[in-house]
Each structure stands twice: as C-alpha cells, then as structure tokens.
Visitor: 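My questions all concern the structure below.
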Number of protein chains: 2
Amino acid sequence: MEQPPWNVMVATCPSRTSLARIANKWTAMIVIALTSGRLRFGEIRRAVDGISGKVLADTLRDLERDGIVSRTAYDEMPPRVEYDLTPLGRSLRGPLTALGQWAEAHIEEVEASRAAYDEKTMPEEISTR
Amino acid sequence: MEQPPWNVMVATCPSRTSLARIANKWTAMIVIALTSGRLRFGEIRRAVDGISGKVLADTLRDLERDGIVSRTAYDEMPPRVEYDLTPLGRSLRGPLTALGQWAEAHIEEVEASRAAYDEKTMPEEISTR
DNA sequence: ATCTGCGGTTACGTTGAGGTAACAGGTTAC
DNA sequence: GTAACCTGTTACCTCAACGTAACCGCAGAT
C-alpha cells in the first residue's frame with residue numbers, strides 16, 4: 001500500500017471533511033448505538049438520549065452518504081427503516097467507542113480539573129464549598 | 001475497578017459534556033499536533049492549518065480547563081507560551097490519531113460513496129417545476 | 001525617544017448547526 | 001367513510017461556534 005498524500009492537517013485536504021464528520025459527538029453516539037446491531041430510527045433515537053429528530057435524520061443521512069451507515073427502507077405500513085454499520089463504519093467502532101469509554105472513565109478527573117481551573121482563574125465568589 | 005455509573009448515552013450525564021469536547025475536529029487536530037511534543041501557540045497554529053487564532057485560543061483554554069493540555073507561560077519578552085499534553089491528554093492520543101488516520105486512509109472510499117449517493121438521489125439536472 | 005513587528009488575546013458580525021413543531025401517508029378504530 | 005395515531009422527514013427560527021480584524025505590551029531598529 002502506498003503512503004497516501006492525504007493529510008488532515010492541511011486545510012484544503014478532502015480528508016479533513018471526513019475527519020469533521022467522524023470527530024463529532026453525534027456521530028460517535030450513533031456509531032456506539034449501532035455497535036450492538038442494526039436499529040430502527042426510533043430505536044436509535046431512544047438509545048441516543050436527547051437527540052432531536054432533525055439532528056438524527058441529518059446525521060444519519062450524512063453517514064449514509066459517506067458510506068458509514070447503510071439504510072434499508074421496507075415498503076410496509078407503518079413505514080420501517082433500519083440502519084446498520086457498513087464494513088467501513090465498523091472500522092470506526094474501535095476509536096469511537098474508545099472515546100465514549102474515555103469520557104465515562106475520566107469524567108471525575110475532568111470535573112476536578114475544571115473545578116481547580118475555575119477556582120484559580122475566577123475570583124472566589126460562588127461555590128466556596 | 002468498579003463499573004462507573006456514568007453513561008454518555010444519557011443526556012444529562014456529565015460524561016457527555018466530556019465526549020462533546022473530545023469528539024471534535026479541532027480537539028483531534030490539536031492533540032495530533034501535540035503528539036510529537038510540546039509546542040508554542042504559533043507552532044500549533046501553523047501545524048493545524050487553517051485554524052483561526054480565536055478558535056485555537058478558545059479550544060486550548062477548554063482543553064487546559066479539562067486537564068487535557070498543560071499551559072506554561074514564560075515571563076519573558078516577547079511573550080512565550082508552551083502547550084503540552086498532560087498524562088490525561090496523552091491517553092487520548094490513541095483514539096484521536098486513529099480518527100485522523102482513518103480519515104486519511106478512507107477518504108477515497110468516502111468520496112466514492114458520496115458520489116454514488118449524490119448520483120442516486122439527485123437527478124442529473126434540476127427538474128424545473 | 002518613536003516606529004515597527006510579533007505573540008497571544010479579545011470584540012464584534014456572520015454563518016451554520018441544532019431544537020421545536022408540524023407534516024405526509026397509510027393503517028387501525030369507530 | 002373519517003378521525004386518530006404512528007414513523008420518519010422537513011420548515012422555520014434561535015443561538016452558539018466560527019472567522020475577521022483590531023488590540024496590547026514590549027524588544028529591537030532607526
């Protein structure tokens with residue numbers, strides 16, 4: 001395999017648009033949700049607590065367009081559509097679940113750091129306890 | 001290690017704010033840039049091509065607040081400030097560099113998928129109606 | 001001394017992401 | 001029949017992220 005000329009650190013490189021798509025909280029949560037298998041729209045919406053229908057629809061469309069997620073619409077009534085990770089999308093599970101687990105594992109450290117930072121930079125007013 | 005009660009899939013869980021911070025294109029690129037070692041503000045700005053001074057300053061401040069990046073200001077003239085990954089930040093290098101490499105490695109697949117998607121969904125010409 | 005240049009930061013205006021709520025359309029209940 | 005309901009999508013409006021450009025403070029040049 002040749003070394004590709006693509007470089008996300010170059011502003012005009014197309015790979016940066018791809019990085020922007022995958023380095024995104026909604027993308028991360030949707031991919032994490034789909035890790036356990038294919039899901040319907042409503043199921044993803046319930047799995048990714050707090051996501052609005054619009055954002056979910058938009059993000060899924062972008063992910064489908066980029067070949068990360070597959071969309072299968074069944075012509076029945078009421079309408080049913082199932083989403084799944086493509087092989088390409090499955091290759092993202094590792095890094096993205098790692099980010100999710102990192103956020104959960106280190107939130108206490110992060111919050112402690114935030115408290116120390118705020119204490120140091122802001123005059124002591126609220127909190128103090 | 002006990003299993004933490006934190007869960008990024010729950011909208012109100014504090015870990016989600018942390019996920020939002022790290023699942024971000026600017027964060028990813030800055031961490032990638034700092035992977036090779038500590039850098040000054042201007043050096044990061046040159047490394048992360050196209051980032052504006054404001055966004056770089058804001059993102060670095062947030063990363064410092066979260067304990068991911070350390071900031072060392074030298075009291076000399078002209079002013080000099082160096083940024084480095086903390087141990088916590090170093091634990092992000094793996095997943096974030098993986099995302100960067102993914103973007104570079106799969107951009108051709110992604111672009112092909114986009115082209116196919118656009119071809120399929122958009123008619124050749126705009127149907128004037 | 002004043003002028004110029006650079007590193008880091010901040011004020012302001014614009015754009016685009018995201019939330020709200022209504023919609024399409026078929027199926028069931030009446 | 002039609003009225004209510006369910007799934008996925010879309011129109012509209014708000015607000016925060018982002019880029020532009022000016023700013024601040026001092027060193028070195030003139």
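Basis for what follows: all heavy atoms, side chains included, without hydrogens, waters or symmetry-related copies. Order of the sequence lines fixes the chain letters, A, B, ..., with proteins taken first and strands second; residue numbering starts at 1 for each chain.
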Visitor: To the nearest 0.5 angstrom, please state how far the OH atom of B:Y83 sits from the CZ atom of B:R38.
Guide: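 Atom-to-atom, B:Y83:OH and B:R38:CZ are 12.0 Å apart.
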Visitor: For residues A:H106 and B:S91, report the shortest heavy-atom separation together with the two atoms involved.
Guide: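 Looking at all heavy atoms of both residues, the shortest contact is NE2-OG, 4.3 Å.
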Visitor: If you only use heavy atoms from C-beta on, which nucleotide in D:dC18, C:dG18, D:dG8 is closest to the side chain of A:R71?
Guide: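 When the side chain of A:R71 is considered, D:dG8 is the closest of D:dC18, C:dG18, D:dG8.
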Visitor: To the nearest 0.5 Å, tell me how far B:L96 CG sits from B:T35 OG1.
Guide: 8.0 Å
Visitor: How far apart are the closest heavy atoms of B:I51 and B:R45, and which atoms are they?
Guide: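 The answer is O-NE, 3.8 Å.
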Visitor: Just by distance, with hydrogens left out, do B:R80 and B:Y74 show a side-chain donor and acceptor under 3.5 Å apart?
Guide: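 No.
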Visitor: In whole Å, what is the span from the CG atom of B:D62 to the P atom of C:dT9?
Guide: 13 Å
Visitor: Take atom NZ of B:K54 and atom P of D:dA22, then tell me their distance rounded to the nearest Å.
Guide: 17 Å
Visitor: What is the nucleic acid contact for B:Y74, judged by heavy atoms within less than 4.0 Å: base, sugar-phosphate only, or nothing?
Guide: nothing
Visitor: Do the side-chain N or O atoms of B:W26 get closer than 4.0 angstrom to the phosphate oxygens (OP1, OP2) of D:dC18?
Guide: yes
Visitor: I need the CG-C1' distance between B:D58 and C:dG8, as an integer number of Å.
Guide: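 My rounded result for the distance is 12 Å.
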Visitor: Given atom CG of B:L56 and atom P of D:dT20, what is their separation to the nearest angstrom?
Guide: 14 Å
Visitor: Nearest-Å distance, CD1 (A:I44) to C1' (D:dT7)?
Guide: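 Taking atom C1' of D:dT7 as the reference, CD1 of A:I44 is at 13 Å.
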Visitor: When you get a sec, tell me which of D:dG19, D:dT7, D:dT9 is the closest nucleotide to the side chain of A:R40?
Guide: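 Closest nucleotide to the A:R40 side chain: D:dT7.
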Visitor: May I have the distance from B:I51 (atom CD1) to C:dG7 (atom P), rounded to whole angstrom?
Guide: 16 Å
Visitor: Which is true for A:R45 with a 4.0 Å heavy-atom rule: it touches a base, it touches only sugar-phosphate, or it touches nothing?
Guide: nothing
Visitor: Please report the distance, rounded to the nearest Å, between CD in B:E43 and C1' in C:dC6.
Guide: 14 Å
Visitor: Output the single nucleotide from D:dT9, C:dG19, C:dG8 whose closest atom is nearest the side chain of A:S52.
Guide: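 Nearest nucleotide to the side chain: C:dG19.
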Visitor: Output yes when at least one side-chain N/O atom of A:R61 is less than 4.0 Å from OP1 or OP2 of D:dT10, else no.
Guide: yes
Visitor: Rounded off to whole Å, could you give me the CZ-to-C1' distance for the B:R80 and C:dG8 pair?
Guide: 14 Å
Visitor: Of the nucleotides C:dG19, C:dG8, D:dT20, which has the atom closest to the B:F41 side chain?
Guide: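 Nucleotide nearest to B:F41's side chain: C:dG8.
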